Amino acid sequence: MKTFRSSRLQLLDNDTVAAWVFLTPALILLGVFIIWPIAYLFYLSFTAGIFTSNGIHWVGFKNYWRLLLNSDFWQVIFNTVYFTLGSLVPSLVIPLGIAVLLNRSLAWLLILRSAYFLPSITSLVAAGLGFRWLFQNTGPVNELLKIFSIPEISWLGDTFWAMPVIILFSIWKQIGFNMVVFLAGLQAIPLSRYEAAELDGANAWQQFWHITLPGLQPTLIFATVTTAIFTLRSFEPVYVITGGGPLNSTNLLVYYTYQEAFGQFDFGYAAAAATVLLIVTLLLVYLQLRTWRDEETR
C-alpha cells in the first residue's frame, strides 16, 4: 500500500511538472503581452510627463480628477454610449433575422452566407474609406437623394448626421460575424422541439418565441458582450471617416485616448482614460461570465 501511494504521488508530481512545462511558454507570452502592459497602463495613469530625459513623475489621482472635470471627456463618454447603444441592438436583431432565414434549405445558400459574412473580413480602413466616399457631399448617397427631390445632406459635416453614419458602418461590419454565431446556435437546437411544436399547432412566430429565443440565450449573451466590446474599442471608423468631428460629435473614447497620447503627448492623462475603458470592458466580461454561470446552475 505504501509503495502504491508513493508511486501515485510521484505520478502526480510528474503530471504537475509536465503541465507546468507545457503551460510556461503560454504564461510567459500572457505575462509579457497582456498582464505587464495592463499593469504598466495602470501605473502610467498615476504619472505625468513624457518619455524624455526629464522622465515622468508621480501625480497620484490628478489625471482621474482631470477626467472628471473635463467637459470634453464627458462629451466623449456620451458619444461612446450613444454609439454603443445605437450599434448594439441592430447588430443583434438584423443578424438574428438573417440567420433564421438562412438556417434552412435554400437555393444559393452558401453564396448568401458568404455574401453576408464578407463585410466581417473586409479591412476596416478600406471599408471606412468606402463609407466616407459614399456619404461625402457629392457622393452616391446624396446623388440618390436628388432623384427623390430630397435636399443634399452634409452627412459628415453635420453634428446630427455624422454619428449615424459611424453607427451604420459599425452595424454593417458586425452583421456577418453575429450571423455566423447565431447560425451555430440555431443548429445546436434539436429539430425534435420544432417538430413537436408543429404537431401541437404552434405557428412560426410561436416557435421562434418559445423555442428559438430560449435555445439561443447563451449565444445571445455571447453576441451581446462581444458586440459591445467591439463598439467600445472602435477606432478606425472615427479615424478614417470623421476624425472625431464635426465639433467633437463623433469622438469616441479610444480615439480620444489616441489624441491625448500621440497628439498632445499627455500619456498619463491618456492612460487614465484608457483605464476607464478597460474597467468598463472587464465589467462586461464579468457580467457575461456571471450570466453564463447562472444559466448553467439552473
Side-chain angles (χ1 to χ4, degrees), residues 70-98 112 115-179 223-224 226-264 270 273 277 280:
N70 193 336
S71 59
D72 288 340
F73 174 74
W74 289 109
Q75 175 66 41
V76 168
I77 291 294
F78 172 79
N79 294 341
T80 304
V81 173
Y82 172 28
F83 173 75
T84 302
L85 295 179
S87 303
L88 184 60
V89 176
S91 296
L92 296 174
V93 174
I94 297 174
L96 177 58
I98 295 173
L112 288 173
Y116 281 115
F117 185 71
L118 188 61
S120 299
I121 59 176
T122 305
S123 167
L124 282 167
V125 175
L129 290 173
F131 262 71
R132 190 173 70 178
W133 170 72
L134 285 172
F135 287 93
Q136 62 184 350
N137 291 343
T138 58
V141 174
N142 276 330
E143 292 297 324
L144 181 63
L145 293 179
K146 290 180 181 179
I147 297 176
F148 299 97
S149 300
I150 299 176
E152 179 181 290
I153 297 175
S154 180
W155 297 99
L156 305 181
D158 190 285
T159 56
F160 179 81
W161 290 110
M163 182 62 80
V165 173
I166 303 297
I167 291 175
L168 181 62
F169 177 85
S170 177
I171 295 170
W172 178 77
K173 283 292 292 181
Q174 279 290 296
I175 284 178
F177 176 81
N178 285 341
M179 181 200 69
T224 300
T226 53
T227 303
I229 292 175
F230 174 82
T231 54
L232 282 173
R233 65 177 181 81
S234 292
F235 170 79
E236 292 89 346
V238 179
Y239 182 80
V240 174
I241 299 175
T242 64
L247 299 177
N248 211 37
S249 61
T250 61
N251 198 355
L252 304 181
L253 191 52
V254 175
Y255 188 74
Y256 179 74
T257 303
Y258 163 80
Q259 285 181 314
E260 294 298 324
F262 301 103
Q264 305 297 327
L277 177 62
V280 173

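If you're wondering where the values come from, they're calculated on a predicted model, not measured in any experiment.
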Taking [X] for the side chain and [Y] for the main chain, is one N or O donor matched with an acceptor at less than 3.5 Å?
X	Y	answer
Asn79	Asn248	yes
Asn142	Ile153	yes
Thr250	Pro246	no
Arg132	Thr242	no

For [X] against [Y], the heavy-atom pair lying closest together:
X	Y	result
Val254	Leu232	CG2-O, 3.3 Å
Gly245	Ala162	O-CB, 4.2 Å
Pro151	Leu145	O-CD1, 4.2 Å
Ser87	Thr231	CB-CG2, 3.7 Å
Ser120	Lys173	OG-O, 3.3 Å
Asn251	Gln259	ND2-OE1, 3.0 Å

Nearest 0.5 Å please: distance from the [atom1] atom of [X] over to the [atom2] atom of [Y].
X	Y	atom1	atom2	answer
Gln174	Ile94	CD	CD1	11.5 Å
Ile229	Ser234	CD1	OG	11.5 Å
Ile241	Leu134	CD1	CG	9.5 Å
Thr159	Leu247	OG1	CG	6.5 Å
Phe83	Leu253	CZ	CG	12.0 Å
Ser170	Ile175	OG	CD1	10.0 Å

From CA spacing to verdict: side-chain contact (heavy atoms from CB on, under 4.5 Å), Met163, Asp158: CA-CA 9 Å; Met163 182 62 80; Asp158 190 285; over 6 Å; no
Option among Asn178, Ile171, Thr84, Val89 that satisfies the side chain to side chain contact (heavy atoms under 4.5 Å, CB included) test with Thr227: Asn178
Close side-chain approach of Trp155 and Pro164, heavy atoms under 4.5 Å: no
In terms of ring plane angle, is the pair [X] and [Y] parallel, tilted or perpendicular, where the classes change at 30° and 60°?
X	Y	value
Phe235	Tyr258	perpendicular
Phe169	Phe131	perpendicular
Phe73	Tyr256	tilted
Tyr82	Phe78	tilted

Over 12 foreign heavy atoms within 6.0 Å of CZ, Phe117: yes
Greater than 12 external heavy atoms within 6.0 Å of Trp161's CH2: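 No.
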Evaluation steps, side-chain contact (heavy atoms from CB on, under 4.5 Å), between Arg233 and Phe230: CA-CA 5 Å; Arg233 65 177 181 81; Phe230 174 82; 3.6 Å; yes
